[in-house]
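Once you've had a glance at the structure underneath, I'll fire off some questions.
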Amino acid sequence: MNIEALGITRRDFLKYCSALAVYMGLPAALGTKIAEAAMSAKRPSVIWISGQECTGCVESLLRLNHPTLETLILEKISLDYSETLSTPAGHLAEEAMQKAIEENKGKFLLVVEGAVPVKDGGIYCKIGGKPFVDIVKDTAQHAAAVIAIGSCASWGGVASAEPNPTGATPAWKVLEGMKIPVVNLPGCPANPYNFISTVMHYLTFNKLPELDGKLRPKFAYGRLIHENCERRPHFDAGRFAYAFGDEGHRKGYCLYQLGCKGPETYNNCPTQLYGDAGSNTWPVGTGHPCFGCSEQHVGFHIPLFTQAKVQQPTAGPGYPAADSAKGSPVTVGAAAVLGAGVGAVLGASAVVAKNLKKASADQPTEKHPE
Amino acid sequence: MARRITVDPVTRIEGHLRVDCDIDQGKVTNAWSSGQMWRGIEVILKGRDPREAWLFTQRICGVCTTVHALASVRAVENALDMEIPLNAQYIRNMIITAHALHDHIVHFYHLSALDWVDLVSALKADPNEASKIGESLSNWTGNSRKEMAAVQARLKTFVDSGQLGIYANGYWGHPAMKLSPEVNLLAAAHYLQALQIQRKANQIVSILGSKTPHIQNLAVGGVANPINLNEPSTLTLTELTHIKTLIDELGTFVNEVYMVDVGAIGAFYADWTQYGAGVTNYLCVPELPLDTRGTKFELPGGYITNGDISTFKPLAGFHDAEFEKNVSESVKHAWYEGDATRHPYEGETEPKYTDFQDNGKYSWVKAPTFKGKPAQVGPLANVLCMSAAGHEPTKKHLGRLLGIVEGLAGSKIPLTALHSTIGRHAARAVRAGVYYEALNNQWNLLMENIGRGDTDTFNPPVFPKGEQSGVGMHEAPRGVLSHWIVIKDGKIKNYQCVVPSTWNAGPRNAQDELGPYEASLVGNPVADPDRPLEVVRTIHSFDPCLACAIHLHDPKTGQRVTVQAL
């Protein structure tokens, strides 16, 4: 890649790559290696296939600023197929894809967007006359690795919500037994920076970033939203919003009582944000609870206003430690709040405890399915 | 002897679309439009809390993100006969217009311009000449010689790499490509600049909506954004000032670049005003409510019959019985049991997949009709209706665009030229001009209202025992959208969506009349059936969105699902 032709100096590009390395949790010195990989002669092939999706994950790429989508596809990778973006249509597009597979056998990255409907022989999604489930398997067998982008490809997403009418299935499950590495990037849609950083990691180090037990890169999904939320101090201090527009909501308090799923959802929304548009640009930042769109069995499964299970309760410094040996997870969360003493808004700890079980008078809390 | 071609997948659209055409002596003589994917989102909604339906329906489409969320909360509010705080209306209206501006810009430059613009030809251009042409047409500062040279160098580096990626196998050098290398280079520069500017529109949506695609600031009863000028972590002057800056940047691009480019394409491809009219019954609904009940709107709606603007009849608003009464849909040619035509509230459907049958069933999309006839929806319908309704900003921008075309083509362009493939692009650009002004206006209204001391953004919904039903209407970027909900004891009993791309992409109806895509293809020239660029041109002019067009119910449980106007 000729970065100078793009009006980017080599020095600036190295700086950018060092910053990228730090963002991925790597030593800044590795930025040089990232830069070299990015500037290598042949751009690595990426093939993007789409099944039961809404195209939101492709759309999210349009919001990228660093690098931009145009920089990504003109200078960093060779995006050899995308139903949404490919210039040619029909057989001309299919030919281009087959050619890219032939030329990059065992080397290309396959991005799967959307769930894979497996019911009734896969008739609920066909492209070029072929069921999507067959396209996924046939293409993946030649790929170096598969990136399942978005919640649909990662765990079925909205299409797999009860009663899952079409048998919407995640990519990893369809590919089980094929010995092809799969990385999940859940989110609805996935944050495009999590995608681009995963790609850069793979291109630079020739391996996928470290994954958790659900095949998610730890650099992006290693922490609960609750752990990095800017409203966490309000949670610890027992300051909550109980309804949109109430005093707590208008003071930027914690949205836990409104059903926020931050305590059981792993993602980097509060630190990465969306759209590079300033400090509040993520759901909790604008005043709406997280609904767990990126977490399997949470988003599209647990109702919006149902309270989250507090998975890792911790009290803030100076507060008594929560006793995790007692009671249900919600009770443990309550312990953290009670440990904070009297909630300023509510006046009495008894009220705090009561309200932890009851989002508000007109919004009865529903039982959290186990 | 007619030759059959199948374009599957149609690319540079949302979703999975197959188009078949019979071609005889260089012209399309018959056409079929077929949706190829189905998920069943309405089935999934049954029994859920109506307050969270919008989170599910928004996932119908990530390109038409926001629109299915808005239509959903409006449907529930309509069922509960709710009023919405003014601030919430204004915030929603700003999201609607900012999203539509992004959508129209991306549609023209990134999803359809390469039907008319030959990127490879731009390599041969003289950057000086390209710059001169650009500067003669507008005051845009991005048309400098240096800019043209830089874009050309970037393209050259890319093409020289031998890895053409998504541009491989494009329609480069196709006989239907008519622009000079210099105009192609100018368009290529704007293709890249448009990517930058659409991010600004998305930033407006992100600031108000939390993120995009798929905003997360809505609530049945208003919005979740608290307005508090004296607290951090709420909507304050910091965010609102940021938004105003972004609006101004968008306006410059829409007026100085987008509108001008569409005018130029219209002039250079004036022959395409003869093709692609198709169905000329037009339908749109009013949008941008200005009061808490949704009875006054900034943008008017209505319908036109047989392309005759004098037949225009207005639609009043969210409770208009004229609209509600006259929508029906046929499954005769869609993959559902039977061949009935029913009103959305009365329909019963069950999937019946038969594979592709020319004279039988061939699509997951149903065929909706308005007053028994197919109707075209979208920017063209919207602009013709708003113009007929005497909406001044629409008339102004339409006049300006036609003036640009006439100036370049050197001939008078009649309004009837809009009934065409190129007319749909023109209408989209006109609507972008209208939407920019409306976005600015909605920002002013919000600021004035906050200035009056009103910071309300939410009225809590109350769900009484028993059954309520309602419809949520929205004039979306691709046209008329309506969500229909039945609520029983606070839970969703039934849910249906009638979506813009259902209207346009639908198959033949009960009378075997062609749907708008199909009708618009008949008569299109096709120079090379192996590279049917002209077919793609006309289909793209509608801005297809197939994920939107299709949804419905569970084939295996035997459960009969009422309605589904998709």
Side-chain angles (χ1 to χ4, degrees), chain A residues 2 5-7 43 52 54-56 59-60 62-63 65 68-70 73-74 78-80 82-83 85-90 92-93 95-96 123-129 158-159 161 163 165-166 188-189 243-245 249-252 274-275 277-278 281-283 286-288 291 303-304 362, chain B residues 7-11 14 16 36-40 43-44 49 52 55-56 59-63 65 106 114 150 153-154 157-158 163 165-170 192 195 198-199 202-203 206-207 210-214 216-217 219 224-226 228 231-234 242 353 457-458 460 536 547 554:
Chain A
N2 182 356
L6 312 174
R43 303 194 313 284
Q52 264 184 324
C54 73
T55 312
E59 268 283 333
S60 73
L62 286 166
R63 280 69 163 167
N65 280 279
T68 60
L69 174 62
E70 54 272 32
I73 64 175
L74 293 177
S78 184
L79 182 61
D80 289 326
S82 151
E83 222 176 312
L85 299 173
S86 283
T87 309
L92 296 169
E95 279 168 22
I123 57 159
Y124 297 104
C125 182
K126 287 168 96 172
I127 299 140
V158 67
T166 60
C188 193
F244 296 134
H249 191 241
R250 291 169 46 74
K251 286 184 168 170
Y274 292 89
T281 47
W282 70 293
T286 55
H288 195 281
F291 82 102
L304 172 60
D362 60 339
Chain B
V7 183
D8 180 13
V10 175
T11 54
E14 195 299 320
H16 306 291
Q36 294 280 313
M37 189 271 277
W38 173 70
R39 282 173 295 178
V43 183
I44 289 167
D49 183 342
E52 65 168 355
L55 287 172
F56 288 76
R59 271 71 189 181
I60 288 172
C61 184
V63 175
T65 178
V106 168
L114 300 185
R154 192 176 191 186
T157 305
F158 177 76
Q163 293 181 276
I166 54 171
Y167 307 99
N169 271 9
L192 293 170
L195 279 167
Q198 58 83 27
R199 286 192 273 272
N202 280 318
Q203 285 179 326
S206 291
I207 292 167
S210 312
K211 65 192 188 64
T212 172
H214 299 336
Q216 202 167 318
N217 72 315
N225 313 72
N228 188 341
E231 279 283 343
S233 302
T234 67
H242 188 177
Y353 184 74
T457 53
F458 176 73
V536 174
D554 188 344

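Just so it is clear, the structure is predicted and the values come from calculations on it, not from any experiment. Only heavy atoms go into these numbers, but all of them, side chains included; no hydrogens, no water, no symmetry mates. So you know, we letter chains A, B, ... as the sequences are listed, proteins then strands, and number each from 1.
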Scored by heavy-atom pairs under 4.5 Å with chain B, the best of A:Ala159, A:Gly245, A:Ala161 is A:Ala161
Compute whether any side-chain donor of one residue and acceptor of the other, for B:Glu14 and A:Thr55, lie under 3.5 angstrom apart.
yes
Backbone N or O of A:Pro283 within a donor-acceptor pair of the B:Gln216 side chain at under 3.5 Å?
no
Starting at CG of A:Leu62, measure out to OG1 of B:Thr212 and round the result to the nearest 0.5 Å.
9.5 Å
I'd like to know whether A:Asp80 forms a side-chain contact (heavy atoms from CB on, under 4.5 Å) with B:Ile166, so could you lay out the CA-CA distance, the side-chain angles of the two residues, the decisive distance to 0.1 Å, and finally the verdict.
CA-CA 5 Å; A:Asp80 289 326; B:Ile166 54 171; over 6 Å; no
If you measure from CG on B:Asp8 to CD1 on A:Ile127, what distance do you get to the nearest 0.5 Å?
8.0 Å
Under a 4.5 Å heavy-atom cutoff, which of B:Arg199, B:Gln203, B:His214 has the most pairs with chain A?
B:Arg199
If you measure from SG on A:Cys54 to CZ on B:Arg59, what distance do you get to the nearest 0.5 Å?
7.5 Å
Report yes or no: does B:Asn169 contribute a side-chain atom to a donor-acceptor pair with the main-chain N or O of A:Ala93 at less than 3.5 Å?
no
So, are B:Lys211 and A:Glu59 salt-bridged, with charged N and O less than 4.0 Å apart?
no
Can you tell me if B:Gln163 uses its side chain to pair, donor with acceptor, with the backbone of A:Arg43 under 3.5 Å?
yes
Exercise: identify the closest heavy-atom pair between A:Gly287 and B:Pro226
CA-CD, 4.3 Å
Among B:Leu192, B:Thr65, B:Asn228, which has the most heavy-atom pairs under 4.5 Å with chain A?
B:Asn228
B:Val43 and A:Pro163: which non-hydrogen atoms are nearest, and at how many Å?
CG1-CG, 3.9 Å
Please give me the minimum heavy-atom distance between B:Ser206 and A:Gly275, naming the atom from each residue.
OG-CA, 4.1 Å
Just verifying a value: how many Å separate A:His249 NE2 and B:Thr457 OG1, rounded to the nearest 0.5 Å?
7.0 Å
Taking the side chain as every heavy atom from C-beta outward, state whether A:Tyr274 and B:Asn202 have any pair of such atoms under 4.5 Å apart.
no
Approximate separation, where rounding is to 0.5 Å, of B:Gln198 CD and A:Arg63 CZ
6.5 Å
So, taking the atom named OH in B:Tyr167 and the one named CG in A:Leu79, what distance separates them when rounded to the nearest 0.5 Å?
9.0 Å
What part of B:Val536 gets within 4.5 angstrom of chain A, counting heavy atoms only: side chain, backbone, both, or neither?
side chain
Do B:Thr234 and A:Arg250 have a side chain donor and acceptor closer than 3.5 Å?
no
Against chain A, work out which of B:Gly165, B:Pro9, B:Ala168, B:Ser233 has the most heavy-atom pairs shorter than 4.5 Å and name it.
B:Pro9
Dump the intermediate steps for side-chain contact (heavy atoms from CB on, under 4.5 Å) on A:Leu304 and B:Asp49, then the final yes or no.
CA-CA 9 Å; A:Leu304 172 60; B:Asp49 183 342; over 6 Å; no
Return the option, out of B:Val7, B:Val63, B:Asn217, with the maximum number of heavy-atom pairs under 4.5 Å with chain A.
B:Val63
In terms of heavy-atom pairs under 4.5 Å with chain B, the winner among A:Gly252, A:Ala277, A:Gly278 is A:Ala277
A:Phe244 and B:Phe458 have their tightest heavy-atom pair at O-CD2, 3.2 Å
Contact leader toward chain A among B:Ile207, B:Leu55, B:Val10, B:Val106, where contacts are heavy-atom pairs under 4.5 Å
B:Leu55
Can you find a pair of side-chain heavy atoms, one from A:Pro165 and one from B:Ile44, that are under 4.5 Å apart?
yes
Hey, does the side chain of B:Thr11 reach the backbone of A:Ser86 with a donor-acceptor pair shorter than 3.5 angstrom?
yes
